[in-house]
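Here is the structure we will look at, set down as structure tokens.
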Amino acid sequence: MPELPEVEVVRRGLVSWVRGRTIESVDVLDPRSIRRHALGTEDFIGNLEGATVADVVRRGKFLWLPLLDASAGPAAGGAPANGRPAIALMAHLGMSGQLLVQDGAVPDEKHLKVRIRLSPGDGLPGQLRFVDQRIFGGLFVTSLVPTDDGGPGGLAESPLPLIAEEAAHIARDPLDPAFSFDLFYRRLRKRKTGLKRALLDQGLVSGIGNIYADEALWRARLHFARPTDTLRRAEAERVLGSARDVMLDALAAGGTSFDSLYVNVNGASGYFDRSLNAYGREGQPCQRCAAAGIHSVMRRDQFMNRSSHTCPVCQPRPRNGRW
DNA sequence: CATTCGTCCTGATAGC
DNA sequence: TGCTATCAGGACGAAT
């Protein structure tokens, strides 16, 4: 389940393999994987073929490749005179999406959805492949628009102050140097909802999914149903700091691979799942309580149609909790 | 307006 | 063995 650290691992991997290369041809093997491209398969392919990958940029869990259109100079019309990319290939990995850099001789993956053939590079693999089992993820082409907040964000600031239109509503993430805690806290306090709902809301803070939400809440000793409008500043700082720390740890470990669906661009899994303290630990002792000599068993609750893992001792349920 | 809910999907697994 | 039911969940549009 790719969340921010996993997407960032993919982004870093892609940069060295695809930046500066030209898209020669595209096969859409399953149109469901480009359903967010409203104009259809032909238009999708037409936008990509002949374009050159200028960069690989991320905001939250959205990843995109700004494209330079070689066929369209100022004379061809439609292209920006300053030579800046106007469109991007957008990717979201959803639940099970993978972006793999593969040699063309490698047999098609079972769930290969889109194949992108790249211009020959010096010993570089020839294809970028989008593989997705559950089809919650997808690819589409989108416009690049000016950002109103200084840049796309992420860990590697793009030199271009442009953001993919479909990612413009997404908030900055806790690892982003330009993330504003004050803005986050102000907006959090106005919400009438539970803390985990807020952490999962990509418009408030991005990059956090179910796994890292549970880990951040556990580290901060806060319950998922805690009403956001009662959170003290120190508590909000604690949970945001925990989210940042756990995602930095995961990034250093190459990402989490809980069920082997997530892999980096070379198909290798991260190993952060060995370090999880909450997610998937139902019925096992709470590590923090055990270290303090207290007996406590991690529990799992259904919440928002997904699982939430908490320690009943160090993350007590609030009396006026909001599910 | 803010918030919550239903929907999209497949494969692993449990239970009979 | 082979069937069915259940579960996993990110993001968006619809509903409240």
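Predicted model, so just to flag it, every value in this text is computed and none were measured. Naming: A, B, ... by sequence-line order, numbering from 1 per chain. No hydrogens, no waters, no symmetry mates; every other heavy atom, side chains included, goes into these values.
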message: Between A:Arg221 (side chain only) and A:Cys314 (backbone N and O only), is there a donor and an acceptor less than 3.5 Å apart?
response: no
- prompt: Would you say A:Arg36 reaches C:dG13's phosphate, i.e. side-chain N/O to OP1/OP2 under 4.0 Å?
  reply: no
query: Rounding to a whole Å, what distance do you find between A:Asp173:CG and C:dG10:C1'?
result: 16 Å
field: Parallel, tilted or perpendicular: rings of A:Phe303 and A:Phe224 (30°, 60°)
entry: tilted
- prompt: Quick one: A:Asn210 CG to C:dA8 P, roughly how many Å, whole number?
  reply: 9 Å
message: What I want to check is whether the side chains of A:Gln102 and A:Glu109 have a donor and an acceptor closer together than 3.5 Å.
response: yes
message: OP1 or OP2 of C:dA11 versus the side-chain N and O atoms of A:His92: is any pair under 4.0 Å?
response: yes
- request: Using a cut-off of strictly less than 4.0 Å, decide whether A:Arg306 has a side-chain nitrogen or oxygen near OP1 or OP2 of C:dC7.
  value: no
message: Rounded to whole Å, how long is the line connecting atom CD of A:Glu282 with atom C1' of C:dC7?
response: 13 Å
A:Gln302 side chain near C:dG9 phosphate (N/O to OP1/OP2, under 4.0 Å): no
task: Would you indicate what A:Phe62 reaches in the nucleic acid, counting non-hydrogen atoms under 4.0 angstrom: base, sugar-phosphate, or nothing?
output: sugar-phosphate
message: How many whole angstroms separate atom NE2 of A:His169 from atom C1' of B:dA2?
response: 16 Å
Ring-base stacking, A:Phe136 with C:dA11 (5.5 Å, 30° cut-offs): no
- request: Please work out which of the three classes, parallel, tilted or perpendicular, describes the rings of A:Phe184 and A:Phe181, given edges at 30° and 60°.
  value: tilted
task: May I ask you to list the residues of residues 183-202 of chain A, by number, that have any heavy atom positioned under 4.0 Å from an atom of DNA chain B?
output: A:Lys190, A:Arg191, A:Lys192, A:Thr193, A:Arg197
query: Between C:dC12 atom P and A:His37 atom NE2, what is the distance in whole Å?
result: 17 Å
message: Counting neighbours of CG on A:Asp103 that are heavy atoms of other residues, nucleotides or ligands and sit closer than 6.0 Å, is the number greater than 12?
response: yes
message: Does A:Lys196 form a side-chain contact (heavy atoms from CB on, under 4.5 Å) with A:Arg226? I'd like the steps, not just the answer.
response: CA-CA 8 Å; A:Lys196 183 166 174 180; A:Arg226 175 66 182 275; over 6 Å; no
message: Please report the distance, rounded to the nearest Å, between CD in A:Glu3 and C1' in C:dA8.
response: 13 Å
- prompt: Rounded to the nearest Å, what distance is computed from the CE atom of residue A:Met95 to the P atom of nucleotide B:dT7?
  reply: 18 Å
query: Between A:His111 and B:dG11, does any side-chain N or O lie under 4.0 Å from OP1 or OP2?
result: yes
query: Do any side-chain nitrogens or oxygens of A:Tyr279 fall under 4.0 Å of OP1 or OP2 in C:dA8?
result: no
message: Has A:Asp132 got a side-chain atom pairing as donor or acceptor with A:Gly137's backbone, closer than 3.5 angstrom?
response: yes
task: Calculate the interatomic distance between A:Glu165 atom CD and C:dC12 atom P; express it in whole Å.
output: 13 Å
